[in-house]
Every structure is written in structure tokens, then in C-alpha cells.
Amino acid sequence: MLDIKRIRENKEEVQAGLDKRGQYDLSVVTALDEKRRETLGQVEEMKSRQNVVSKQIPVLKKENKDCTEIFAEMKELSNTIKDLDAEVKKIDDEIKIQLLNFPNIPNPQVKVGKDDTDNLEIRKWGEPRKFDFEIKAHWDIGVDLDILDFERAVKITGARFSMFKGEGARLQRALINFMLYTHCEEHHYTEISPPFMVNRESMTGTGQLPKFEDDAFHLPSKDFFLVPTAEVPVTNIYRDEILGEEELPKYFTAYTPCFRQEAGSAGRDTRGLIRNHQFDKVEMVKFVHPDRSYEELESLTNNAEDILQLLGIPYRVVELCTGDLGFSSAKTYDIEVWMPSYNRYVEISSCSNFEDYQARRANIRFRDGKTKKTRFLHTLNGSGLAVGRTFAAILENYQQADGSVIVPEKLVHYMWGKTVIGM
RNA sequence: GGAGAGAUGUCUGAGUGGUCGAAGGAGCACGCCUGGAAAGCGUGUGUACGUGUAAGCGUACCGAGGGUUCAAAUCCCUCUCUCUCCGCCA
């Protein structure tokens with residue numbers, strides 16, 4: 001959420017920031033803000049008078065004075081206050097709606113661009129392997145090895161679901177364990193196993209609601225949502241709380257399944273593990289001091305890259321331009337993994353600095369050690385990594401001519417010693 | 001799911017219609033005392049919004065939302081959550 005005071009005091013600057021992302025108009029919210037302050041001034045003056053008189057009444061009563069006239073006057077005042085209060089509340093609600101629908105302002109350094117074709121490649125790691133045989137896509141490799149079963153997943157549930165079987169299920173779990181181990185033991189994150197359903201406040205806090213309700217799976221009986229990412233429950237750990245400055249930074253990592261409608265993606269990536277309604281992901285979330293959030297973004301991104309390096313899979317890091325940036329993010333690096341069947345790099349992680357945008361929505365603050373004042377902290381998160389896509393990348397990058405798949409060395413332990421799948 | 005109890009500031013805990021933003025205690029900060037510390041004594045100690053260069057001033061907030069009243073932490077209604085007992089259950 002953007003700060004109304006910042007909009008009030010630096011309207012042009014904020015508008016310029018929003019212009020980099022698309023069509024947004026601040027004039028409605030600034031007009032509402034002005035109206036609000038005007039009305040608030042009026043009603044507060046009346047309340048002040050009401051409070052003064054209310055304190056006199058018991059005194060007058062003690063002296064047995066007649067209060068009929070005062071009561072009549074106060075009744076009228078009270079009614080006016082009630083009306084104005086309702087008006088202020090209405091304006092407040094409208095302002096809130098407006099503010100919740102503005103995206104974050106991109107960091108000034110971020111390249112202005114229209115869509116993903118304007119993104120900047122930052123670095124590359126590893127060389128795509130040259131195959132001396134006809135390669136297969138991961139969905140064929142998996143089905144042929146009998147470790148993936150898409151047809152039965154469709155029977156059980158429906159389109160865009162998948163089922164892992166035997167060594168496939170084991171590989172999926174191995175990846176989760178390997179990622180959590182690396183983040184906890186090497187990168188010093190604290191593991192969280194959060195609820196997989198969250199309430200409306202949590203979804204609003206991280207920015208999924210109100211604008212993107214169609215993308216989520218909703219449980220009407222409780223008004224809960226299936227988590228679209230662990231970012232939602234984990235970031236909301238500290239919703240409406242004030243942390244001590246000395247507690248920062250806080251690093252968390254969490255495995256959860258993720259549930260997404262993928263509304264509007266019909267026809268794209270319909271085969272395999274790339275785009276499903278349910279997928280597994282290990283997420284990293286940081287709560288940091290505002291002065292350090294951009295350094296923290298670099299290390300967070302490196303933490304995600306480490307997983308691919310340890311697995312030996314080529315990837316590149318891309319900085320998103322303003323037009324491709326997620327709604328709540330000020331700056332984002334995408335990590336894209338080499339996918340032989342696509343003959344291109346495919347997104348496997350998205351690492352973002354939200355600055356105070358989520359903290360403001362979710363009301364997450366810390367107490368400044370020097371000034372003793374509360375301030376909004378900065379939140380970051382990144383996938384570390386999307387497990388289904390990592391699974392697919394391993395199948396494709398480590399496939400052999402006979403259809404078997406080599407298990408990356410670092411995973412062998414988690415695969416109970418198995419070095420090749422399909423032998 | 002049924003019955004009951006409860007939700008007050010950083011914590012604990014008073015307060016059942018009126019000078020209550022809220023007693024007392026703990027904690028914390030500062031000062032005094034001390035060779036130093038503890039104890040003791042004194043002072044201070046919430047958040048948000050509005051207004052002001054500022055000191056300050058004003059308003060709101062006692063789980064959330066409505067209602068009654070000149071006036072609500074206090075009375076009424078709805079909801080949420082917590083605890084205890086019963087039922088069901090992995």
C-alpha cells in the first residue's frame with residue numbers, strides 16, 4: 001500500500017512512478033483525502049465541544065441545575081456528529097479501496113519497459129548441455145519411467161493436476177528436503193511449516209487481494225483461501241506487530257504446496273509440470289531494516305541460485321523491467337532455468353524487495369532504537385525454488401539416451417542412495 | 001457440534017453510565033542515593049489520525065462492528081477469537 005501522506009506531499013513523484021507501470025490516476029484519491037481532512041476537522045471540533053459540555057453536566061446536576069436546554073442542544077450536536085462520522089468513514093473506505101488498488105512504486109534504478117521482452121539479463125551460470133541423442137520433454141521422460149502420471153491425476157481431480165509416483169514422489173520430497181536443508185543449515189533461515197489456508201486479511205496484507213481474487217482458490221464456507229505461495233502465511237506471521245530493531249533481520253523458509261487458478265493462462269504450458277493448479281514450492285521470506293533491504297535482495301537471490309548451482313543446472317538471472325514487475329514489488333530478479341525441451345530459459349524463482357509496501361498493508365513495524373519511534377520494516381521473498389519446475393529441469397537436463405535420468409550428486413543422499421532413476 | 005467463562009495499555013490487573021486514556025503492581029528509561037551494584041526514592045513511559053516551523057493542541061482507540069443515551073470500557077445486539085467441560089475425530 002502506498003502512503004497517503006507521500007501521495008499528498010509528493011504527488012508528481014508518485015504519479016511518475018505509477019506511470020512506469022501502467023494507467024493509474026491519483027487525482028481521485030487526492031480529492032478524497034482533501035475532503036476527508038476538511039470533514040474530519042469539522043467533526044473533531046464538534047466532538048471537542050461535546051466533550052467539554054459532557055464534563056460540565058455532572059457538575060450542573062450536582063448543583064441541581066436544569067439541563068433540559070443543554071440536552072436538547074447536545075442531542076442535535078450528537079446527530080450532526082453521527083452524520084459527519086458516517087461521512088468520514090465512507091470517505092476512509094473509499095480511500096482504502098483506492099490505495100489497495102495501486103501497485104508499488106518501482107525502485108528508481110529499475111529499467112522502464114513494457115513487458116518481459118524489455119527485461120535485463122544480469123548474469124548466466126553454467127552451459128546448456130549438448131545432447132547427442134533425440135531429447136524428450138520431462139512429461140514424456142516421467143511417464144515413460146512411470147514416475148509421473150498425468151492421466152490419473154486428471155481422473156482424480158481434473159486438468160492441470162499431476163501425480164508423482166514411486167521414485168518420482170521420492171525425488172519430489174528429496175528436492176524439498178535438500179532445499180530446506182540448504183537454506184536452514186547453509187543460509188541460516190528458520191524453517192516454518194505454516195497453515196495451508198489463510199484468511200482474507202492475510203491475502204490482503206501481502207497484496208493478493210482485493211485485485212487478484214480470481215487467481216486464488218477460495219473456500220466459501222469459512223472465507224479462507226488456499227495459499228498461492230508460502231509468502232502469504234509467512235509474511236503475515238508479524239502482521240499487526242511491532243518488532244524490536246535488534247530482532248532484525250529475520251529469515252524464514254517454508255515448504256508449502258501452492259494453489260493457483262492460473263486464470264487467463266488457458267492454452268499455455270498445458271503439458272507437464274510447468275503450470276499446474278497445485279505445485280510444491282520452498283519459499284524464503286525476510287523481514288529487514290529499511291536501510292538494508294537492497295543488500296538483502298542480493299543475498300536472497302544468491303541463496304536461490306545456490307540451489308541450482310549445487311544441482312548443476314544452468315540458469316540465468318534476469319532483472320524485471322517496470323512493466324513486468326509484480327504488483328507489490330519494487331524490484332525483482334527472476335531466476336530462469338535452462339529447459340532443453342523448450343530450448344530456452346524458464347522461470348523457476350522470483351526474488352523481490354517489496355520495501356514497505358507489504359509492511360504497510362499488513363501493518364508490520366519495528367521500533368527504531370534511536371528515535372524510539374515505530375517504522376514500517378521492509379519485506380522480501382523469493383522462491384527457493386519452485387519444486388515442480390526443478391523436478392522438470394532435472395529430468396530434462398540429466399536425461400540419458402536410454403531414457404533413464406541421473407540423480408544430481410547432492411540429491412543422492414536424499415534419494416536413499418539412488419544414483420539413476422530408471423535403472 | 002452442545003454448555004459455560006472470558007477478551008482492558010509492554011505484561012499483570014482494577015474499573016457496571018459522567019472531569020477514565022483509563023487505579024495499583026511489574027517491566028522499561030532517566031535522575032537521586034552508592035566505592036560499585038542491588039534495594040530504596042523521584043520522574044517519565046501506548047498507538048493512530050488531524051493541526052502546527054516547533055513546543056504543543058485536538059480527536060479516536062478498553063477484541064471487531066452496530067445500537068441505546070446529553071454522555072458508553074461500563075447497558076443492548078451481532079460477529080470473531082481464547083479458555084474449561086461434553087460430543088465427534090486423524
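Each chain gets a letter, A, B and so on, in the order the sequences are listed, and its residues count up from 1.
For the pairing with A:H218, the ring-ring contact (aromatic ring centres under 6.0 Å, His included) check across A:F224, A:F225, A:F212 returns one residue only, A:F225.
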Would you be so kind as to tabulate the donor-acceptor pairs closer than 3.5 Å made by side chains of residues 90-99 of chain A, with sequence neighbours excluded?
unit_1 : atom_1 : unit_2 : atom_2 : d
A:D92  : OD1    : A:R36  : NE     : 2.6
A:D93  : OD2    : A:K89  : NZ     : 3.2

Under 3.5 Å donor-acceptor pairs involving side-chain atoms of residues 405-419 of chain A, not counting sequence neighbours:
unit_1 : atom_1 : unit_2 : atom_2 : d
A:K418 : NZ     : A:E167 : OE2    : 3.1
A:K418 : NZ     : A:M423 : O      : 3.3

Show every donor-acceptor pair shorter than 3.5 Å between a side-chain atom in residues 193-206 of chain A and any protein atom, with sequence neighbours excluded, or say none if there are none.
unit_1 : atom_1 : unit_2 : atom_2 : d
A:N199 : OD1    : A:E201 : N      : 3.3
A:N199 : OD1    : A:S202 : N      : 3.0
A:N199 : OD1    : A:S202 : OG     : 3.2
A:R200 : NE     : A:D223 : OD1    : 3.3
A:R200 : NE     : A:D223 : OD2    : 2.9
A:R200 : NH1    : A:E213 : OE1    : 3.4
A:R200 : NH2    : A:E213 : OE2    : 3.3
A:R200 : NH2    : A:D223 : OD1    : 2.9
A:S202 : OG     : A:R239 : NH2    : 2.9
A:T204 : OG1    : A:R200 : O      : 2.8
A:T206 : OG1    : A:S202 : O      : 3.2
A:T206 : OG1    : A:Q208 : OE1    : 2.7

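B:rC62 sits 32 Å from B:rU53 when the P atoms are compared, rounded to a whole Å. Rounded to whole Å, the P atom of B:rA55 lies 15 Å from the corresponding atom of B:rU47. Comparing the C1' positions of B:rA7 and B:rC61 gives an interatomic distance of 16 Å, to the nearest angstrom. Using P as the reference atom, B:rG18 and B:rG66 are 24 Å apart when rounded to the nearest Å. Comparing the C1' positions of B:rA48 and B:rU68 gives a spacing of 28 Å, expressed to the nearest Å. A gap of 30 Å separates the C1' atoms of B:rU12 and B:rC49, to the nearest Å.
In this structure, A:I335 and A:L308 have side chains that are in contact, with non-hydrogen atoms separated by less than 4.5 Å. Between A:H138 and A:I274 there is a side-chain heavy-atom pair separated by less than 4.5 Å.
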Worksheet entry | Which nucleotides of RNA chain B pair, in dot-bracket form (Watson-Crick or G-U under 3.5 Å, | meaning another strand) | ((((((((.[[[..)..(.....]]]((((((.......))))))((((((....)))))).[[[[[..)....]]]]])))))))....
Polar-atom pairs under 3.5 Å, protein N or O versus N or O of nucleotides 17-21 of chain B: list them with distances, or write none.
unit_1 : atom_1 : unit_2 : atom_2 : d
B:rG18 : O6     : A:K61  : NZ     : 2.8

Nucleotide N/O of nucleotides 46-50 of chain B paired with protein N/O under 3.5 Å:
unit_1 : atom_1 : unit_2 : atom_2 : d
B:rU47 : OP1    : A:R367 : NH1    : 3.0
B:rU47 : O3'    : A:R365 : NH1    : 3.1
B:rA48 : OP1    : A:R365 : NH1    : 3.0
B:rA48 : OP1    : A:T374 : OG1    : 2.9
B:rC49 : O2'    : A:R36  : NH2    : 2.9
B:rG50 : OP1    : A:R8   : NH1    : 3.3
B:rG50 : OP1    : A:R8   : NH2    : 2.7

N/O-N/O pairs, protein side and nucleotides 76-82 of chain B side, under 3.5 Å:
none

Please list, pair by pair, any protein nitrogen or oxygen found under 3.5 Å from a nitrogen or oxygen in nucleotides 65-67 of chain B.
none

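Regarding contacts with the backbone of B:rU69, every side-chain N or O of A:S78 stays at 4.0 angstrom or more from both OP1 and OP2. OP1 or OP2 of B:rG58 has not a single side-chain nitrogen or oxygen of A:N51 nearer than 4.0 Å. Taking only side-chain nitrogens and oxygens, A:K47 never comes nearer than 4.0 Å to OP1 or OP2 of B:rU59.
Side-chain contact, A:E355 with A:Y294: a donor N or O sits under 3.5 Å from an acceptor N or O. Side-chain atoms of A:N101 and A:Y24 form no donor-acceptor pair, as typed in the model, at a separation below 3.5 Å. A donor and an acceptor atom, one from each side chain of A:Y315 and A:Q309, are located under 3.5 Å apart. A side-chain donor from one of A:N363 and A:R365 sits under 3.5 Å from a side-chain acceptor of the other.
The side chain to side chain donor-acceptor pair (under 3.5 Å) search around A:E336 returns A:R316, not counting sequence neighbours. Considering only residues two or more places apart in sequence or on other chains, A:H277 meets the ring pair (Phe, Tyr, Trp, His ring centres under 6.0 Å) condition with A:F161, A:F217. Listed by chain and residue number, A:K250 satisfy the salt bridge (charged side-chain N to carboxylate O under 4.0 Å, His left out) test with A:E247 (two or more places apart in sequence, or in another chain).
Residue pairs that meet the side-chain hydrogen bond (donor to acceptor under 3.5 Å, both in side chains) test with at least one member in residues 376-386 of chain A, sequence neighbours left out, are A:E231-A:N381, A:S293-A:H378, A:Q358-A:T379.
Comparing A:V52 and A:A72, the nucleotide of RNA chain B nearest to each residue sits closer to the 5' end for A:V52.
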